[in-house]
Amino acid sequence: MGYNFNEIEQKWQQRWKENKTYRVVENVDKKKFYVLNMFPYPSGAGLHVGHPLGYIASDIFARYKRLQGFNVLNPMGYDAYGLPAEQYAIQTGQHPAITTEQNINRYREQLDKIGFCFDWDREIRTCDPEYYHWTQWAFIKMFNHYYDNNTKCCKPIEELIEKLSKEGSAGIDAACTQEVDITAEEWNTMSENEQQELLMNWRIAFLNETMVNWCPQLGTVLANDEVVDGVSERGGFPVVQKKMKQWCLRVSAYAQRLLDGLDKINWTDSLKETQRNWIGRSEGTEMQFHVKDSDVTFTIFTTRADTIFGVTFMVLAPESELVATLTTEEQRSAVEQYIDRTKKRTERERIIDRNVSGVFTGSYAINPITGEEIPVWVSDYVLSGYGTGAIMAVPAHDSRDYAFAKHFGIEIRPLIEGCDVTDESFDAKEGIMTNSPTTAFASCKLNLNGLTVKEAIAATKKYVTENGLGRVKVNYRLRDAIFSRQRYWGEPFPIYYKNGIPYPIPEEYLPLELPEVEKFLPTESGEPPLGHAKKWAWDTKNNCVTEKRNIDNTTIFPLELNTMPGFAGSSAYYLRYMDPRNHQSLVSKEADEYWQNVDLYVGGTEHATGHLIYSRFWNMFLFDLGVSVKEEPFQKLVNQGMIQGRSNFVYRIKDTNKFISLNLKNNYDVTPLHVDVNIVSNDILDIDAFRAWRPEYSDAEFILENDKYICGWAVEKMSKSMFNVVNPDTIIEKYGADTLRLYEMFLGPLEQSKPWDTNGIDGCHRFLRKLWNMFYDKDDNFIVTDEEPTKEELKSIHKLIKKTSEDIPVFSYNTTVSAFMICTNELSTLKCNKRSILEQFVIVLAPFAPHICEELWEALGHNTSVCDAQWPAYNEEYLKEDTIKYTISFNGKARFTMDFAADADREYIEKSVLDDENSKKYIEDKPIKKVIIVPKKIVNIVF
RNA sequence: GCGCCUGUGGCGAAAUUGGUAGACGCGCCAGACUUAGGAUCUGGUGUUGAGAGACGUGUAGGUUCGAGUCCUAUCAGGCGCACCA
């Protein structure tokens, strides 16, 4: 009979479920530990072998922490809103809720088979009204707050209203869409509508007319991180720029805090770097330029204020509002033509076509320092969304400006000693400044000659600030998140419109549930799918949803038709897990104070600039409100690598139905064909299964080598079309979940991407069988005895305890698995069947292979779960060696070894080595310079 | 272009503050046991050489008694950002 993994695993999964072994409750007497996985989007394809990698890793950690006496929260749920379910609904009419439910059930079934210690009582789904209640609630809070730059904290919008009514915009330093300058009087005389529109300028969740990434095929806008290379991340459809009124979240207000927070958390440097890149802080100077013969001024942003004397033209972004004001009559048609052309191009075309283009506006700006007249151009190499949408161009020291100047024949004026700008610009921020126009312009009192670039920047900044020409400014690349999606399957906005002005529905009437619709497509008039909903109006009198035909715009108003994007539901889910069934609040104060934040977060790098920015922002906002006690939600983050597919090939001889084995194929003209990896084992094809795989292969013939058909292989993405998708269920059936868990960890370092390759799985399975055989003999007799363990046995087990205790905390799981194998080999060589040894082995193995450990734990006579055991401590005494092998080296070259007693002192060792016959051979009569003794390792004699 | 990471046997990979490579597993070779099997067990396995030995961590230098590990340059692969002023 032996190790019957199927029976054992079913038995224990059943018991865990019945006994709620993994239920966790807050307990202030116990230290907490919060482990979290990025929750999955339940796709129709089910799990493949790559998905559980991170779950297994975190499961091991959670179990380890539990054995150490921590109260471990390890929840799981589903990111259930998303495009695939909706696309499927559009095609088939099947309600996304139904397909989502089916997919979730399938996921759950697969997850259960792997034996995770999730507390399923805390399961959440983002599409559950109980859950999105709090997504909507947070949105309303964002709508009702603004970000105060002075206190670096969000404040209720009422405080802003009060300031505006008392002192106007003068006393306000707040994150905003546009700088506004109004007096209290002006504010107070504004109509309600005007005031509401103006407040959008500061709200953290606000409505704004912006250029968005519009994807016509998906019929929705997308966030910047959902667009890759100018096409949609999902589906790969083209994306165009379009101006639309959209809900946005003022993420940019938190840019500096998002940047600073990175220093406080334990993430990999590369991930932090990616986020720093995405936030894109850049320190520079804003300068005002007057337009010649006009009272118009405009502002530019530069990081190279020192190059002010090298400005030979200005450039405006085509989308800039200044273009219209600065364009002269003569240039109007040319400019309009140019802008028209730019508008028509998609983001992708703009990326691909980097030819220099632009047009002169006809206007001149005045250099604020020299008084020089500078032509103002329009070009699409300047972006409207960054800085002020206008630049001062310094062709000598910026490659883009250089290309533009060369193309249009504009002067290039070098400012750094010895730089050569005949073929390219000198972009480096180094060198000594020269060519400051000390005499040419009478008004100029700034002289940068002789300064380094760094000094020159500082000097110019100082000059500009002191003379009121501009100010020092920090810019961020991070843009506000566009928060509207023209889709059905997402959280509805708790917003209704009165006179075209949005108002939140009162918090106590949340959640605003997603209505039923007939069709999931946009309406004929181009409204989002919610336009089809009959019952989609807000009754302000009775505070309830009512039919659209009742809209009277006095007490009953239309509701928002857009829904929230995917990241809405995933931005605060970790808080909800702390207290998932709370009807009064997102999370109770007690639960939040107990669990604090996530101690270990495991997930893929693909969320580096999306989810991980948004949820940090979201959490900081909730922190400001006092809802979350920690500013950073995820203390430690581990990125598991991707598991790639390992495809197998068969080689068909052209125009035949004959297949030739890998190493014989060179003499034939063959076509490699993907073959389902599930009918290949160790690259050997199961010929019968192949014949049965597809009808056209039923009479296939084979040319074998050594009576086997050997397949070729390649590492590719795991996908259905390459027939390399491996379902964990298949592996579990054949080897058991414990083997799968061990093998996934044994595959290599957790963070590294690696191909799935079952060639080594037998080794892991064999290890478990060897372990089993230490407990049971061939006839299934339990052979464990109560004898006292020997010194060697103790040493072996304590070595293992030490290794696991040190390696698990640093996620060095692959070496931990090796340590298990080594220890098993040692113990079985020693024929060890001592209870006290095996008991400790079972405990330290339990996080990796929980099922077999439960079974063996029970066999050892325990009637509690191995989860409630105590992680053993190792004793250094047992690890001590009696004798220690020293390597004897001469001038660094190792020659031979000598054994010494463990407590031998340096003097004795040195003397013994020098007196040794072998040593004398190498030393001969050479004078010895010194003898280096590395404790327990090396004696090196230098001469 | 900028930033980050990685290069070690036939393969996946180990290797404390620099301490004298290749743990563990796969594969391969040999042997044992077998009512032949893709089972189990034992031993071997970096390259080269009969051998002592020599050579070996992408390449070339450097620091050191000693370098996979540190420094400089360079090549290759991967990831992120990318007209960000």
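Protein chains get the first letters and strands the later ones, always in sequence-line order, with residue 1 at the start of each. Only heavy atoms go into these numbers, but all of them, side chains included; no hydrogens, no water, no symmetry mates.
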Q) Mind telling me whether B:rG9 is syn or anti, cutoff 90° either side of 0? A) syn
Q. Which listed nucleotide (B:rA85, B:rC81, B:rG38) is nearest to the side chain of A:L383?
A. B:rA85
(Q) Looking at B:rC55, which nucleotide sits across from it as a Watson-Crick or G-U wobble partner, both distances under 3.5 angstrom, or is there none? (A) B:rG46
Q: Check the distance between B:rC11's P and A:D757's CG and give it to me in whole angstrom.
A: 13 Å
Q. Could A:R616 and A:W267 be counted as a cation-pi pair, given that NZ or CZ must be under 6.0 Å from the ring centre and within 45° of the axis?
A. yes
**Q.** Sidechain N-carboxylate O distance under 4.0 Å for A:R276, A:D263
**A.** yes
Q) Can you tell me how far C1' of B:rA85 sits from CH2 of A:W377, to the nearest Å? A) 18 Å
Q) Given that A:L271 and A:K734 both sit by RNA chain B, which one's nearest nucleotide is further toward the 5' end? A) A:L271
(Q) Before you tell me yes or no, could you show the steps for A:D401 and A:Y381 under side chain to side chain donor-acceptor pair (under 3.5 Å), namely the whole-Å CA-CA distance, both residues' side-chain angles and the distance that decides it to 0.1 Å? (A) CA-CA 9 Å; A:D401 299 344; A:Y381 84 87; 2.6 Å; yes
Q) Does the side chain of A:R741 reach to within under 4.5 Å of the side chain of A:I60, using non-hydrogen atoms? A) yes
**Q.** Separation of atom CG in A:D269 from atom C1' in B:rC4, rounded to whole Å
**A.** 9 Å
Q: Determine whether the side chains of A:Y3 and A:T739 contain a donor N or O and an acceptor N or O closer than 3.5 Å.
A: no
Q: Rounded to the nearest angstrom, tell me the gap between atom CZ in A:F896 and atom P in B:rG53.
A: 12 Å
Q. B:rA85 phosphate, OP1 or OP2: any side-chain N/O from A:Y381 under 4.0 angstrom?
A. no
Q. When you match A:Y476 and A:T829 each to their closest nucleotide on RNA chain B, which lands nearer the 5' end?
A. A:T829
Q: Go ahead and name the base partner of B:rA15; Watson-Crick or wobble counts if both distances stay under 3.5 Å, otherwise write none.
A: none
Q) Do any N or O atoms from the side chain of A:D686 and from the backbone of A:I679 form a donor-acceptor pair under 3.5 angstrom? A) no
Q | Residue matched to B:rU69 through Watson-Crick or wobble contacts both under 3.5 angstrom | A | none
Q.
Can you identify which nucleotide, out of B:rC65, B:rC26, B:rA13, has its nearest atom closest to the A:N759 side chain?
A. B:rC26
Q. Under 3.5 Å, is there a donor-acceptor pair between the side chain of A:N891 and the main chain of A:F943?
A. yes
Q.
For a quick check under 3.5 Å, do A:D807 and A:T815 share a side-chain donor-acceptor pair by atom type?
A. yes
Q) Given that both distances must come in under 3.5 Å, which nucleotide forms a Watson-Crick or G-U wobble pair with B:rC4? A) B:rG78
(Q) OP1 or OP2 of B:rG80 versus the side-chain N and O atoms of A:Q275: is any pair under 4.0 Å? (A) no
Q: Whole angstrom is fine here: how far is it from CG in A:L612 over to P in B:rG80?
A: 15 Å
(Q) Side-chain N or O of A:R477 versus OP1/OP2 of B:rA82: is the shortest distance under 4.0 Å? (A) yes
**Q.** Rounded distance (Å) that lies between atom P of B:rC65 and atom CZ of A:R895
**A.** 18 Å
Q | Base partner of B:rA39, which must satisfy Watson-Crick or wobble distances under 3.5 Å | A | none
Q) For A:F767 and B:rU40, what is the distance between atoms CZ and P respectively, to the nearest whole Å? A) 16 Å
(Q) By the 4.0 Å heavy-atom rule, please label A:E806 as base, sugar-phosphate, or nothing. (A) nothing
Q: Check whether any side-chain nitrogen or oxygen of A:R769 sits under 4.0 Å from OP1 or OP2 of B:rA39, and answer yes or no.
A: no
(Q) Categorize A:P749 for me: base, sugar-phosphate, or nothing, with a 4.0 angstrom heavy-atom threshold over every strand shown. (A) sugar-phosphate
Q) B:rA21 pairs with which nucleotide, Watson-Crick or G-U wobble, both distances below 3.5 Å? A) none
Q. Which whole-number value in Å describes the distance from A:D807 CG to B:rA13 C1'?
A. 14 Å
**Q.** Per-nucleotide protein contact string for nucleotides 16-25 of chain B, where B marks a base within reach and S marks sugar-phosphate only (heavy atoms under 4.0 Å, - for neither)
**A.** ---BB--BBS
